[in-house]
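Every number for a ligand or one of its atoms is a count from 1 in the order of the listing.
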Amino acid sequence: MIDMNKIATAFLHRFEPEPAHELAITAMALGLTPKAPKDDPRLSVQCLGLHFPNPIGLAAGFDKNARAVRPLTRMGFGHVEAGTVTPRPQPGNPQPRLFRLPEDGAIINRMGFNGCGIDRFCRNLARLHRPQPNGRLRGPLAPLGANIGINKTGADPLKDYPELVARVRPYADYITINLSSPNTPGLRDLQSAEFLTQLLDAVNKRNAERPPLLIKLAPDMANAAYAPILEAAINGGAQGLILTNTTIARPDSLTSPHAHESGGLSGRPLTSRAREVLQHVSAINKGRLTLISAGGIETGRDILDRIRLGASMVQLYTSFILEGASILPRLKAELLQSMRDDGFNSLEEAFGVDRP
Ligand SMILES: Cc1cc2nc3c(=O)[nH]c(=O)nc-3n(C[C@H](O)[C@H](O)[C@H](O)COP(=O)(O)O)c2cc1C
């Protein structure tokens, strides 16, 4: 049988990565995406007070401007995290800034939060919730996360993040505070218990009511650094952590000619560190915050492994770019097979069974 997803991916990979990405988003926004069949109920997840049809989310950075949220949920993602959105529009770093490393199953990016800014982002989200002329609602078919960040210049994090939360809260099912992209100078220095305490205090003061709040962290901190941040997140009323963003490390195993480009590395070379961070944080978290694991997810077995370690869900980006939309039915079939192999009838049964 002809696999249109594979043909579309092969076609897109004939272009440089950024034009290919733009083309893919535009095609999706125009509705050129297949509708995935309904998910097997064994794949459903309840967390953050929300129902997710499956545990496979699209990580932030793919749909930075929230232009293709509904098509991405139609395609079968269990949630879509739009953004990172910044207060003001900004162009990001000079091109080239996005590199495929297919030999390594990886991507390096130094995009630098290119995006349309919060005003346009919110207009795009508002449109999702507006009834169509035929009276139908065209909202997302799965929960929507809004990932927020700060501008490269003129940022005031203790003002900007609370304001961004206020702007996206009418539209988002959950909100992620991104403190971990390596391409905004100084951003990752905000990953401290002291700063997070002040930040959550400011967010709570400005937002008496809000959707669940998650903090997205980098993989490049020492293991001991995660515990104080976790406690600050809990004490400040956050609901979850996303572990992890891209890494600035460059493992010796990389063979691609682009291996030494600067920026954040994602995909297969991130797998073992992302897994290790999850394992470490899950052990100290003891189920208090919801954990979402990202970094090098390529198989259904990877997903079940992270859920067994205490992640409620996973997110992917790189493997979706390298393989295309056909990755979703493959991952779901493999995940169901791995659940059968391990004797689980639901993901809830598997949740945390390997927590140290
Ligand atoms: C091109 C690219 C752009 C990204 N942009 C963002 C971003 O804007 N905000 C963010 O929180 N993470 C961003 N990420 C990180 C991903 O959301 C994810 O955490 C990371 O890539 C690890 O998952 P993966 O190995 O499946 O790609 C980006 C990743 C890539 C490859």
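- The closest approach between any non-hydrogen atom of Thr271 and ligand 1 is not below 4.0 Å.
- For atom 5 (N) of ligand 1, the nearest non-hydrogen atom of the protein is Gly61 CA, 3.2 Å.
- The option from Thr247, Thr318, Ile292, Val85 that lies nearest to atom 24 (P) of ligand 1, judged by heavy atoms, is Thr318.
- Nearest to atom 23 (O) of ligand 1 among the protein's heavy atoms is Gly295 N, 3.5 Å.
- Checking Asp63, Leu217, Thr246 against atom 20 (C) of ligand 1, the nearest heavy atom belongs to Thr246.
- Atom CZ of Arg355 has more than 12 heavy atoms from other residues, nucleotides or ligands within 6.0 Å.
- A search for side chain to side chain contact (heavy atoms under 4.5 Å, CB included) contacts involving Glu323 returns Ser326, Ile327, Arg330, not counting sequence neighbours.
- In this structure, the side chain of Asn147 does not engage the main chain of Ala60 through any donor-acceptor pair within 3.5 Å.
- Taking atom 21 (O) of ligand 1 as the reference point, the nearest protein heavy-atom neighbour is Ser266 CB, 3.3 Å.
- Residue pairs meeting the side chain to side chain donor-acceptor pair (under 3.5 Å) criterion with at least one partner in residues 22-32, sequence neighbours excluded, are Glu22-Arg67, Thr26-Arg67.
- A donor-acceptor pair under 3.5 Å is absent between the side-chain atoms of Thr176 and the main chain of Asn178, judged by distance alone.
- Summary of contacts: the protein heavy atom closest to atom 28 (C) of ligand 1 is Ala60 O, 3.7 Å.
- Closest to atom 15 (C) of ligand 1 among all protein heavy atoms lies Asn245 OD1, 3.4 Å.
- To the nearest 0.5 angstrom, Leu144 atom CG is 11.0 Å from Leu58 atom CG.
- Among all non-hydrogen protein atoms, the one lying nearest atom 26 (O) of ligand 1 is Tyr317 N, 3.0 Å.
- Counting only N and O atoms by type, the side chains of Ser312 and Thr290 include no donor and acceptor under 3.5 Å apart.
- Ion pair Asp342/Arg301 flagged as a salt bridge, since at least one NZ, NE, NH1 or NH2 atom sits closer than 4.0 Å to an Asp/Glu carboxylate oxygen.
- Of the protein's non-hydrogen atoms, Asn109 ND2, 3.3 Å is the one closest to atom 2 (C) of ligand 1.
- Regarding atom 12 (N) of ligand 1, its nearest protein heavy-atom neighbour is Lys216 NZ, 3.0 Å.
- Which parts of ligand 1 touch Thr84 is read off a 4.0 Å heavy-atom cut-off, strictly below it: atoms 7 (C), 8 (O), 9 (N), 10 (C), 11 (O).
- When each of Leu214, Ile242, Leu199, Ile150 is paired with Ile177, the side chain to side chain contact (heavy atoms under 4.5 Å, CB included) condition holds for Leu199 and for no other.
- Counting heavy atoms under 4.0 Å from ligand 1, residue Glu81 does not touch it at all.
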